[in-house]
Amino acid sequence: MKNDALRLFFALGCPLELAEAISTWRSSLHLHGRPVAAANLHLTLAFLGQQPRARVAELQGLAGGLRAKAFELHLDRLGRHRNGLLYLAPSHTPEALLELVERLCSNLSSAAIQLDNRPFRAHLSLLRHCPMQAIDADPCFDWPVTRFSLFASEQSTRGTHYRQLHTWPLLRNDLGASGTT
Ligand code: ATP
Ligand code: MG
C-alpha cells in the first residue's frame, strides 16, 4: 500500500461482547476454514478502496453530517458464498440500515467517490475458505446498532487489521426503553 493512500471502508464494528459471543459460537461448530478474528468482525456499509490520506477529513465531514436512526439487527441466518466465505446475516434487513447505506452512498457519490454498484447485502463475514459442508446451526444474535465507523484496512505480518479512524452515533429515539447506554 502506498504511504499516502489508505484502504477505507465504512462499517458497523461489532461490539466486543457480541464479537466474543459470535466467536465462541463459531468455535463450537468446529468448522474448517480461516476464521475472521473476533476483533475484526464487522458489517460493511460502503467500501471505498484506496483513497488519499488527505481525503479522510472530507469523509469525516461527510459522514458527520449524516442523520440516520439506530436500529436492532437480528443476525439469524448463516450463509455461504460460492467463494467459500461463510457469513452471518439478518433474514430481514431493517429499513433503517438500508437508509443508512443509501444516505452514505449518496453523500459519497456527491463527493465524487466511486463505489461499485453491486447491491448492498448485509452480512458479517465469519470464516474464509469454508468447504461445502452441512452445518447444523441456528444462529440468533441481537445487535443494537447505535453507531457506524470509518475504518482503514491495514496489512501486517499478523494479517489484516481494521483501524477505526472515526465513529459517529446514530439517533437513538427508536431503540425503546432499553436503548439508554
Ligand atoms: P482480506 O482481503 O485481507 O482477506 P478483508 O476482505 O476483510 O480481508 P479488505 O479487502 O480490506 O479486507 O475489505 C474490507 C471490507 O470491505 C471487508 O468487509 C470486505 O468484504 C469489504 N470489501 C472489500 N472489497 C470490496 C468491494 N470491492 N466491494 C464491496 N466490499 C468490499
Ligand atoms: Mg478483501
- prompt: So how far is it from H92 NE2 to H74 NE2, rounded to the nearest 0.5 Å?
  reply: 8.5 Å
field: Side-chain touch I113/R55, heavy atoms, less than 4.5 angstrom
entry: yes
query: Which value, rounded to the nearest 0.5 Å, describes the distance between F151 atom CZ and L6 atom CG?
result: 14.0 Å
task: Start with the C-alpha distance between L8 and L165, add both sets of side-chain angles, then the distance that settles side-chain contact (heavy atoms from CB on, under 4.5 Å), and finish with yes or no.
output: CA-CA 9 Å; L8 299 178; L165 301 181; 3.7 Å; yes
message: Give me the atom names and distance for the closest heavy-atom approach of C105 to A46.
response: SG-CB, 4.3 Å
Atom of A137, atom of L29 and distance for their closest heavy-atom approach: CB-CD2, 3.9 Å
- request: Consider only side-chain heavy atoms of I, L, V, M, F, W and Y, link residues closer than 4.5 Å, and tell whether L104 and L98 are in one cluster.
  value: yes
Heavy-atom neighbours of D138 CG exceed 12 at 6.0 Å: no
statement: Heavy-atom nearest pair, R172 first then T146, reads CZ-CG2, 3.3 Å
task: Only one of R163, H161, R7 passes side chain to side chain donor-acceptor pair (under 3.5 Å) with E154; say which it is.
output: R163
- prompt: Is L75 close to P90 at the side-chain level, that is, under 4.5 Å between some pair of heavy atoms?
  reply: yes
task: Could you tell me whether the side chain of T160 reaches within less than 4.5 Å of the side chain of V36, counting heavy atoms only?
output: no
Distance in Å, R67 CZ paired with L171 CG, rounded so as to fall on 0.5 Å steps: 5.0 Å
- prompt: How far does OG of S153 sit from CG of L48, to the nearest 0.5 angstrom?
  reply: 12.0 Å
- prompt: For the residue pair Y162 and H42, does the interplanar ring angle fall in the parallel (under 30°), tilted (30 to 60°) or perpendicular (over 60°) class?
  reply: perpendicular
- request: Could you tell me which non-hydrogen atom of H123 sits nearest to which non-hydrogen atom of Y87, and how far apart they are?
  value: CB-CD1, 3.7 Å
field: For W25 against P139, the heavy-atom pair lying closest together
entry: CZ2-CB, 3.7 Å
- prompt: Hey, quick one: are I135 and L85 part of the same hydrophobic cluster, counting side-chain heavy atoms closer than 4.5 Å, chains of contacts allowed?
  reply: no
- prompt: Do L115 and L43 belong to the same hydrophobic cluster, where Ile, Leu, Val, Met, Phe, Trp and Tyr are linked whenever their side-chain heavy atoms lie under 4.5 Å apart, directly or via other members?
  reply: yes
query: Can you find a heavy atom in the side chain of L12 that is under 4.5 Å from one in the side chain of L97?
result: yes
- prompt: Atom CG in L73, atom CG in L124: separation rounded to 0.5 Å?
  reply: 8.5 Å
- request: Measure the shortest side-chain to side-chain distance between L126 and L31 over non-hydrogen atoms and say whether it is less than 4.5 angstrom.
  value: no
task: State, yes or no, whether a side-chain contact exists between W143 and I22 at a heavy-atom distance under 4.5 Å.
output: no
query: In this structure, are over 12 heavy atoms from other groups packed under 6.0 Å from E102 atom CD?
result: no
query: Parallel, tilted or perpendicular for F10 and W168, by the 30°/60° rule?
result: tilted
message: Please say yes or no: joined through hydrophobic side-chain contacts below 4.5 Å, possibly via intermediate residues, are F47 and L66 part of one cluster?
response: no
message: How long is the straight-line distance from CZ of F71 back to CG of L170, given to the nearest 0.5 Å?
response: 6.5 Å
query: Looking only at heavy atoms, which two atoms of A38 and A19 are closest? And how far apart?
result: O-CB, 3.5 Å
